[in-house]
Peer 1: 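Pasting in a structure now, in structure tokens, and then I'll have a few things to ask.
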Amino acid sequence: MSQPKEIPLMEKIVSLCKRRGFIFQSSEIYGGINGFWDYGPLGAELKRNLRDTWWRAMTRDREDVVGLDATIIMHPGIWKASGHVDTFADLMRECSITNKRVRADHVEPQSGTVLRFSGAESPTGWRLDRVLTVLMGKAEHIESFRKRVRQLLVQSAGAAAGQPDALVLHGEEKIDVVEGSVDFHPETGGLLGAARPFNLMLKTYVGPTATEADVAYLRPETAQAIFAQFKNVVDSSRQKVPFGICQIGKAFRNEVTPRNYTFRSREFEQMELEFFIPPDEVIRILHGSVAEWSETADLSAPQPNWGWDMWHHYWEKERVAYYAGIGLGADLLDYHRQKPDELAHYARACVDILFKFPFGTEELEGIAARSDFDLSQHQKHSGKSQEIFDEDLRTAAGQLDDAARTAFSASVQDEWAARAAKNGKPEDAARAAAQEFCEKLFKGQYVPHVIEPSAGLDRLALAILAAAYHEEEKADVNGKIEKRTVLRFHPRVAPVKVGVFPLLKNKPELVAKARAVYETLKRQMHCFYDETGNIGRRYARQDEAGTPFCVTVDFETLGEKGPELLDTVTLRHRDDGRQERVKIADLLGLLLPQVQ
Ligand code: ATP
């Protein structure tokens, strides 16, 4: 999936983000902490706007989705039921010299000479009797190797502090020349050990005793809280399946190799929807058959005879439309449709929406059809029923005669048995489960299935920044060519919507008018008032912050160039530099629809 790296562009984005206050390294004054990032003033606004657009699209604009705001720490039983305690692991490999870990599938191929040393010694007499195998591929490998060996010497000597400045390596042996090998740590060059699973959940203790019985986890995804609260939401919200519950919130994963800036962090925010639907069997009883998806299927409005496949495609379409609405058009996206052998055993389908990041085309959001796996797991582990009752289903099933019910049950058993066989599971058990499931259906009861569009807010912010980043060459007032950066954010997500300036700061009438315009606009949208520097500089500063509009109060505004221009301002557009005269009274009506 990864494509060749364009490091320079990424470096430019990282440096702009720091310079303009979008993203800072967490705890920077203490040297930072790997995999954690803070959002500065502009970044915080950008994220807030993204959250708002998502929330609006997913729940406020819909009648069939409601929101949830659950805790980060939940009962550990939730993570046992969801499978995270036992299987939420990445395979990782450890550098034999530095103990640094890397995800087994993230080791970049390297070439060079493999050297083996039998040990090392310092002139002070400290000795290290250990075989050290290292790939001398990059210059930094040699440096980091020597540095680490010096540290190991200090450790083995039990010295409290200090570093031997000289180092003698023993028994050097050239053992191989490798090409494209994935057996060496990409940063240190040290030989990697075998792949071992590493659970990604961050642990903590709840309560004062801090024993193993008090272990709790920081949630690795927001989704499980939605499943755990499913029944409460059904009972309190008057929603009926099909309907969804969405949530935005922090998630934590102890990623083995956080990388690509904020793309893979250890603390991040997710925006997830669990959309609950009836199993296809319910649709068959209610409507005779399930609508079949095709390339030309009409997905514009949900229909009662949709099964999981139509719903899955529908949500893909909705999500792509959402991205287009905030400036990520089809040309910037790609898709990865998981093949049957890539899917989790319970999943029916999964499509990843990918974004063309500067470092490669990578996942922005996953949309999975997860069957009834999650609710059924919680039903099993909590002992609390997660079934819903559907009166229409019971009525429709009641109208089937015995023969029709038997035929229906037999066909469901055949389907379930075939699926079990495909997944290497016992067919008999599948048939028994199918029969029990049908008996429940005839009474109007079932555990809903789910379609899950799951997006990362930080990845989205990074995608928005990368898509917005443009460089322009422009002549300044003296005709000198200047390179300038413009962030072409969609006005809906731009951190600052309007910059408001008096043409000159030493003209009290201009300042007073500009302040008045600013006070009016700022009640409706995020504005920035600026009176320092020449007007071209102020425009450039706002271009770099991605502000789509600037309003300048000038002498025309004061009526000095004719009464017809009194109380008009210059409205300047970021992307084409166009300037127009607009009445102050018309500003809000003009800008508001574009930024909301
Ligand atoms: P990946 O394969 O990239 O690790 P995933 O398939 O494990 O991601 P999901 O568990 O499906 O990801 O999580 C849903 C979304 O949450 C992802 O599409 C992504 O946008 C976001 N996300 C997941 N892990 C991280 C992370 N470490 N940092 C930032 N965002 C993340």
Side-chain angles (χ1 to χ4, degrees), residues 1-2 23 26 33-39 43 47 50-51 54 58 72 79 82-84 87-92 101-106 197-202 217-227 246-274 312 315-316 319-320 322-323 326 328 333-338 342-344 346-347 349-357 359-370 373-374 450-466:
M1 214 180 283
S2 291
I23 302 174
S26 164
I33 169 167
N34 196 9
F36 296 85
W37 299 94
D38 292 342
Y39 289 81
K47 264 183 99 173
L50 291 172
R51 254 185 235 118
W54 187 92
M58 299 305 262
I72 286 169
W79 306 111
S82 67
H84 284 81
T87 60
F88 190 57
D90 275 341
L91 286 177
M92 56 117 217
R101 289 164 174 181
V102 61
R103 233 170 91 167
D105 58 343
H106 283 174
F198 172 74
N199 194 295
L200 299 182
M201 282 201 293
L202 280 143
Y217 303 96
L218 305 192
R219 66 183 177 199
E221 60 173 39
T222 60
Q224 292 306 319
I226 297 180
F227 297 120
C246 68
Q247 176 167 224
I248 300 178
K250 290 273 189 180
F252 301 80
R253 295 184 188 179
N254 200 5
E255 295 280 359
V256 181
T257 35
R259 60 179 191 167
N260 288 334
Y261 200 25
T262 55
F263 177 83
R264 187 171 302 287
S265 312
R266 288 179 166 143
E267 174 174 342
F268 54 99
E269 232 169 308
Q270 287 187 315
M271 307 187 288
E272 297 195 293
L273 165 70
E274 302 303 326
H312 190 235
W315 276 111
E316 180 185 331
R319 298 299 303 141
V320 171
Y322 164 78
Y323 287 122
I326 54 168
L328 302 185
L333 304 180
D334 209 339
Y335 303 90
H336 173 68
R337 289 172 207 287
Q338 289 188 11
E342 291 175 79
L343 287 172
Y346 49 81
C350 185
V351 55
D352 292 338
I353 301 181
L354 316 175
F355 176 79
K356 294 172 188 165
F357 286 99
F359 44 81
T361 301
E362 300 278 358
E363 178 178 331
L364 194 56
E365 161 160 2
I367 307 174
R370 296 177 59 87
F373 177 75
D374 305 276
V450 77
I451 307 289
E452 177 192 79
S454 167
L457 176 54
D458 307 80
R459 281 192 193 176
L460 177 55
L462 186 57
I464 291 280
L465 279 160

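Note that the structure is a prediction, hence the values are computed from the model and not measured. All ligand and atom numbering here is 1-based and tracks the order in the structure. Heavy-atom basis, side chains included; hydrogens, waters and symmetry copies ignored.
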Peer 1: Taking Pro220's backbone N and O only, do any of them form a donor-acceptor pair with Arg253's side chain (distance below 3.5 Å, no angle check)?
Peer 2: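 The answer is yes, because a donor-acceptor pair under 3.5 Å joins these two groups.
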
Peer 1: Determine, using heavy atoms of Leu364 and all atoms of ligand 1, whether some pair is separated by less than 4.0 Å.
Peer 2: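 Yes, that is the case, since the closest heavy atom of the residue is under 4.0 Å from the ligand.
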
Peer 1: Could you verify whether a donor N or O on one side chain and an acceptor N or O on the other, from Tyr346 and Asp374, lie under 3.5 Å apart?
Peer 2: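 Asp374 and Tyr346 do not have a side-chain donor-acceptor pair below 3.5 Å.
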
Peer 1: Which option wins on minimum heavy-atom distance to atom 8 (O) of ligand 1: Glu221, Glu255, Glu267, Glu363?
Peer 2: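 Nearest option to atom 8 (O) of ligand 1, by heavy atoms: Glu363.
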
Peer 1: Which residue from Glu365, Arg253, Arg103, Arg264 reaches closest to atom 9 (P) of ligand 1 through any of its heavy atoms?
Peer 2: Arg253

Peer 1: Considering only protein heavy atoms, which is closest to atom 28 (N) of ligand 1, and at what distance to one decimal place?
Peer 2: Ser265 N, 3.0 Å

Peer 1: Looking only at protein heavy atoms, identify the closest one to atom 14 (C) of ligand 1 and say how far it is in Å.
Peer 2: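 Atom 14 (C) of ligand 1 sits closest to the protein heavy atom Ser454 OG, 2.9 Å.
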
Peer 1: Aromatic ring centroids of Phe357 and Phe355 under 6.0 Å?
Peer 2: yes

Peer 1: Who's the nearest protein heavy-atom neighbour of atom 21 (C) of ligand 1, and how far?
Peer 2: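 Ranked first by proximity to atom 21 (C) of ligand 1 is Gly456 CA, 3.7 Å.
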
Peer 1: Closest non-hydrogen protein atom to atom 13 (O) of ligand 1, residue and atom name please, with distance?
Peer 2: Gln270 NE2, 3.3 Å

Peer 1: Okay, side chain of Arg103, backbone of Asp90: is any donor-acceptor separation there less than 3.5 Å?
Peer 2: no

Peer 1: Identify the protein heavy atom lying closest to atom 29 (C) of ligand 1, giving its residue, its atom name and the separation to 0.1 Å.
Peer 2: Phe263 O, 3.1 Å

Peer 1: On a heavy-atom basis, I'd like to know which of Trp37, Phe355, Phe268 is closest to atom 22 (N) of ligand 1.
Peer 2: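 Comparing heavy atoms across Trp37, Phe355, Phe268, the nearest one to atom 22 (N) of ligand 1 lies in Phe268.
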
Peer 1: Is there at least one pair of N or O atoms, one from Ala455 and one from ligand 1, spaced under 3.5 Å apart?
Peer 2: no

Peer 1: So, Arg370 side chain and Glu452 main chain: donor-acceptor pair closer than 3.5 Å or not?
Peer 2: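 Here the side-chain-to-backbone pair does not exist.
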
Peer 1: Looking at Arg259, is its backbone amide N or carbonyl O close enough to the side chain of Arg264 to form a donor-acceptor pair, meaning the two atoms are under 3.5 Å apart?
Peer 2: no

Peer 1: Are Tyr261 and Trp37 an aromatic pair by the rule of ring centers under 6.0 Å?
Peer 2: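 They qualify: ring centres under 6.0 Å apart.
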
Peer 1: Answer yes or no for Arg459: is there a heavy-atom contact with ligand 1 below 4.0 Å?
Peer 2: yes

Peer 1: With a 3.5 Å cut-off and no angle check, do the side chains of Tyr335 and Glu316 form a donor-acceptor pair?
Peer 2: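 The answer is no; no qualifying pair exists.
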
